[in-house]
There are 2 protein chains.
Amino acid sequence: MSTPFSSSKDWLSRLANHGYRLTEPRRVIVEIIAASDRALNPLEVFDLGRDACPGLGLVTVYRTLEKLEDLGLVQRVHQADGCHAYLRAANGHEHILLCNQCGQAVFFAGDDLTSLLERVARQSGFEIQEHWLQLHGLCARCRDSVR
Amino acid sequence: MSTPFSSSKDWLSRLANHGYRLTEPRRVIVEIIAASDRALNPLEVFDLGRDACPGLGLVTVYRTLEKLEDLGLVQRVHQADGCHAYLRAANGHEHILLCNQCGQAVFFAGDDLTSLLERVARQSGFEIQEHWLQLHGLCARCRDSVR
DNA sequence: CTATAATTGAAAACGATTTTCATTATCAGA
DNA sequence: TCTGATAATGAAAATCGTTTTCAATTATAG
């Protein structure tokens with residue numbers, strides 16, 4: 001069980017190492033995602049980013065999120081309403097647990113899945129390339145405040 | 001491990017029991033989803049539906065899929081490109097395995113998850129309301145034809 | 001310091017989905 | 001069986017999230 005926080009410094013050098021330029025909009029966007037404990041959609045990143053970088057464009061948010069996802073630093077989560085939000089990427093065999101109320105994200109280890117995956121591959125004849133586990137619920141605080 | 005086929009008769013009576021009228025467009029759409037062994041997006045349902053019901057409108061497809069989902073007969077699957085497709089709903093603790101190539105869907109039992117869910121709930125303090133496991137890979141036939 | 005090429009933001013385009021609205025069809029009740 | 005209330009339909013327009021285009025700006029190698 002781990003918090004989703006991460007170091008924006010690392011992310012910026014990863015960007016630089018891959019030939020991307022370090023610009024003000026990118027610094028701001030990276031900082032926002034890395035510092036967030038919940039998944040943010042592009043518009044939310046945009047709104048937060050405008051505070052630190054008034055000229056920021058929504059298009060730049062989309063483009064930067066796409067690059068961060070390509071580099072494996074950030075991952076998209078799918079929400080019930082069909083929209084996408086972005087979060088620090090899970091490392092290794094971590095998966096995500098999201099609060100339906102406040103959006104808080106928690107990572108947890110899901111290594112127990114391997115035996116299930118092997119069994120399903122054997123029985124179905126499929127070659128399994130990707131597994132995608134996401135949990136939704138209410139965090140302790142929201143559970144108390146809702147009832 | 002089970003095929004995704006289901007009885008469209010059952011679905012129609014479920015619709016009727018819930019106060020919905022049985023119309024030609026609904027009969028056609030239900031028949032298409034129930035008979036499909038892969039997830040279909042609304043446009044695919046529309047194209048197939050036009051064959052049997054020439055006047056069919058895409059809007060009706062969306063509306064009918066929404067009702068079927070509300071009744072728990074059909075479920076949405078999220079795809080890598082962000083689009084949605086619809087499939088017979090998994091029953092009980094089944095989950096879905098999708099072929100990235102041909103789209104074929106296979107259901108498998110995922111009851112092994114309960115202990116994982118309990119552990120995560122305990123450690124995180126969350127009340128877990130929904131778990132969402134989806135596997136992607138290549139079915140036996142596509143794996144052979146791709147290589 | 002300069003030149004080059006990557007990056008930017010605004011506007012327009014885009015595709016999927018939803019809403020609006022007038023017409024049509026289902027079905028409960030006479 | 002007929003009929004009226006109203007649920008359901010399809011077409012067009014609106015909407016929403018996302019992507020493309022393009023001219024202006026900016027980071028960085030040399």
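A, B, ... follow the sequence lines: proteins, then strands. Residue 1 opens every chain.
- Taking a 4.5 Å side-chain heavy-atom cut-off between Ile, Leu, Val, Met, Phe, Trp and Tyr, the cluster of V59(A) contains only that residue.
- Q134(A) is linked by a side chain to side chain donor-acceptor pair (under 3.5 Å) to H136(A), counting only residues two or more places apart in sequence or in another chain.
- Ring-plane geometry between H131(B) and H93(B) is classed as parallel, the angle between the planes falling under 30 degrees on a 0 to 90 degree scale with a further cut at 60.
- Of the candidate nucleotides dT8(C), dT18(C), dA11(C), dT18(C) has the atom nearest to the side chain of V59(B).
- Protein chain A contacts DNA chain D over a range whose 5' and 3' limits, counting nucleotides with an atom under 4.0 angstrom from a non-hydrogen atom, are dG17(D) to dT28(D).
- The side chain of R21(A) approaches dT4(C) more closely than any other nucleotide in the set dT4(C), dT8(C), dT17(C).
- Nucleic acid contact for R50(B): sugar-phosphate only, since backbone atoms but no base atoms lie under 4.0 Å from a heavy atom of the residue.
- The residues E24(A) and R27(A) are annotated as salt-bridged, a charged nitrogen and a carboxylate oxygen being separated by less than 4.0 angstrom.
- The phosphate of dT17(C) (OP1 or OP2) has a side-chain N or O of Y62(B) nearer than 4.0 angstrom.
- Geometrically, R119(A) does not engage F108(B) in a cation-pi contact defined by less than 6.0 Å to the ring centre and at most 45° from the axis.
- Spacing between atom CD of E44(B) and atom C1' of dA16(C) amounts to 14 Å, rounded to whole angstrom units.
- In this structure, R63(B) reaches the bases: a heavy-atom distance under 4.0 Å links it to at least one base atom across the strands shown.
- Counting only heavy atoms from C-beta outward, the side chains of L135(B) and Q129(A) never approach each other to under 4.5 Å.
- If you check every strand for non-hydrogen atoms under 4.0 Å, L43(A) touches nothing.
- When each of L58(B) and L56(A) is assigned the nucleotide of DNA chain C with its nearest heavy atom, L56(A) is the one assigned upstream, toward the 5' end.
- Distance, F46(A) CZ to dT8(C) C1': 13 Å, rounded to whole Å.
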